[in-house]
Amino acid sequence: MRAINRGKQPSLAQLRAFVAVAEQLHFRDAAAAIGMSQPALSGAVSALEEALGVQLVERTTRKVLLSPAGERLAVRAKAVLDEVEALMEEADAVKAPFTGALRLGVIPTVAPYLLPTVLALVHEKYPDLDLQVHEEQTSSLLEGLAAGRLDLLLLAVPLGVPGVTELPLFDEDFVLVTPLDHWLGGREGIPRDALRELNLLLLDEGHCLRDQALDICREVGRGDAPVTTTAAGLSTLVQLVAGGLGVTLLPRTAVRVETSRSNQLLTGYFADPAPTRRVALAMRTGAARSAEYEELAVALREALRPLPVRMLEA
């Protein structure tokens, strides 16, 4: 059996320098990326090569290439640095819960209506928490969560994504928003199948609320109708309704804010069971701060009780 060389161990600084070079393939750019001088970075890579006993990079006058060994070991080095970062996050979480940065991702059809409550809760109950909010569509939020760019998401579920744990907050009904002269305007007990014949205005592609509206239509037997008018946000969508271009579906939490912008709107309510959506927090399964996120979900459910929603338990 071949003996394994247990010589000098590489340092984290050497690994960071090598990973930066592997990602940038340029010593000057790599040095700038990690805040190190170029001579120091070059020396760290050379020291790593000496410690490992293999050549990692091929240096030319114009560019840097990874050697075959460098290609293989760059993957390992990145994994080591990721694990060290996870170790530091775990230590921070153990030392002081609800301190430091919490990067929260929120979808656009939730952010304007729930963030005031979220921000007030954090300010009052978790004053040492540095809450950083990012408003993006669901697909971008999930990518950010998986990559570690985001820590926690506030969005509509179910997601059905492996490695993501959902912490349900509440269910809320959809309501029908119409122009003043629409025959369903202001009515209660509207049957779902009324959606089969309505000129329904939708958000642009990529919004989960658009997909939910289409799912509701399919449930009542409505086929895919051609969409001639869409909007990037609910505010624009409601203004299109006020202008007589059609009707739309709004979640109950959005109704007060959006319909107050115009006196040319009426709101109709569906018969039970009304179409609904579920809103939840979502985190990486096994996240270092999972206990904090679960506690935050409990506090948030209580803070959101005044809203026209049906609160859920864990």
Side-chain angles (χ1 to χ4, degrees), residues 1-105 128-130 132 134 140-153 161-165 283-293:
M1 184 175 181
R2 184 172 62 88
I4 298 176
N5 181 14
R6 298 294 187 186
K8 187 176 180 181
Q9 297 289 316
S11 70
L12 291 178
Q14 292 167 358
L15 293 177
R16 288 192 186 96
F18 171 51
V19 168
V21 170
E23 291 175 344
Q24 303 292 332
L25 294 179
H26 196 289
F27 274 95
R28 185 178 66 247
D29 294 346
I34 61 174
M36 180 182 284
S37 71
Q38 189 172 335
L41 179 129
S42 180
V45 174
S46 296
L48 180 62
E49 290 178 317
E50 182 179 350
L52 297 177
V54 293
Q55 182 179 351
L56 300 172
V57 298
E58 299 175 9
R59 301 162 178 84
T60 69
T61 56
R62 303 185 117 188
K63 60 183 179 179
V64 175
L65 297 175
L66 292 182
S67 69
E71 292 278 2
R72 291 178 58 182
L73 294 179
V75 177
R76 295 277 189 173
K78 178 67 166 58
V80 169
L81 293 178
D82 287 345
E83 286 300 317
V84 171
E85 180 66 23
L87 173 68
M88 299 305 294
E89 289 182 1
E90 183 83 28
D92 287 341
V94 169
K95 285 189 296 184
F98 294 107
T99 61
L102 194 164
R103 299 162 296 182
L104 176 69
D128 295 325
L129 188 64
D130 176 19
Q132 302 169 8
H134 302 262
S140 177
L141 292 180
L142 289 171
E143 290 171 3
L145 188 69
R149 178 174 61 84
L150 298 172
D151 303 310
L152 192 64
L153 308 181
V161 177
V164 175
T165 297
M283 63 181 179
R284 288 183 297 277
T285 301
R289 303 172 72 179
S290 59
E292 289 178 57
Y293 302 154

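Worth saying up front: this structure is predicted, and the values here are computed from it rather than measured. These numbers come from the heavy atoms of this one structure, side chains and all, not from hydrogens, waters or symmetry mates.
Nearest heavy atoms, M283 versus Y293: SD-CD1, 3.6 Å.
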Please list, one pair per line, the donor and acceptor atoms closer than 3.5 Å that link side chains of residues 33-50 to other protein atoms, with sequence neighbours excluded.
residue: S37; atom: OG; partner: A40; partner atom: N; Å: 3.3
residue: S46; atom: OG; partner: S42; partner atom: O; Å: 3.1
residue: E49; atom: OE1; partner: R59; partner atom: NH2; Å: 3.3
residue: E49; atom: OE2; partner: L56; partner atom: N; Å: 2.8
residue: E49; atom: OE2; partner: V57; partner atom: N; Å: 3.2

Just distance, no hydrogens or angles: give the donor-acceptor pairs under 3.5 Å from side chains in residues 22-29, sequence neighbours left out.
residue: H26; atom: ND1; partner: R28; partner atom: N; Å: 3.2
residue: H26; atom: ND1; partner: D29; partner atom: N; Å: 3.4

Identify each donor-acceptor pair in which a side-chain atom of residues 70-84 lies under 3.5 Å from a protein atom, sequence neighbours left out, and give them as a table.
residue: K78; atom: NZ; partner: D82; partner atom: OD1; Å: 3.0
residue: K78; atom: NZ; partner: D82; partner atom: OD2; Å: 3.1

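The line from CG of L102 to CD of E292 is 7.5 Å long, rounded to the nearest 0.5 Å.
In this structure T285 satisfies the side-chain hydrogen bond (donor to acceptor under 3.5 Å, both in side chains) test together with T165, sequence neighbours excluded. With sequence neighbours excluded, the residues forming a salt bridge (charged side-chain N to carboxylate O under 4.0 Å, His left out) with R103 are D151, listed by chain and number. Taking the side-chain hydrogen bond (donor to acceptor under 3.5 Å, both in side chains) definition, one finds that S67 meets it with nothing, sequence neighbours left out. In terms of the side-chain contact (heavy atoms from CB on, under 4.5 Å) criterion, residue partners of A101 (sequence neighbours excluded) are, by chain and number, D130, Q132. Partners of L153 under the side-chain contact (heavy atoms from CB on, under 4.5 Å) rule, at least two apart in sequence or in another chain, are L141, L142, L145, L150, L155, A282.
Sorted by first then second residue, the salt bridge (charged side-chain N to carboxylate O under 4.0 Å, His left out) pairs that include residues 36-47, not counting sequence neighbours, number zero. Under the salt bridge (charged side-chain N to carboxylate O under 4.0 Å, His left out) criterion, no residue pair touches residues 35-44, with sequence neighbours excluded.
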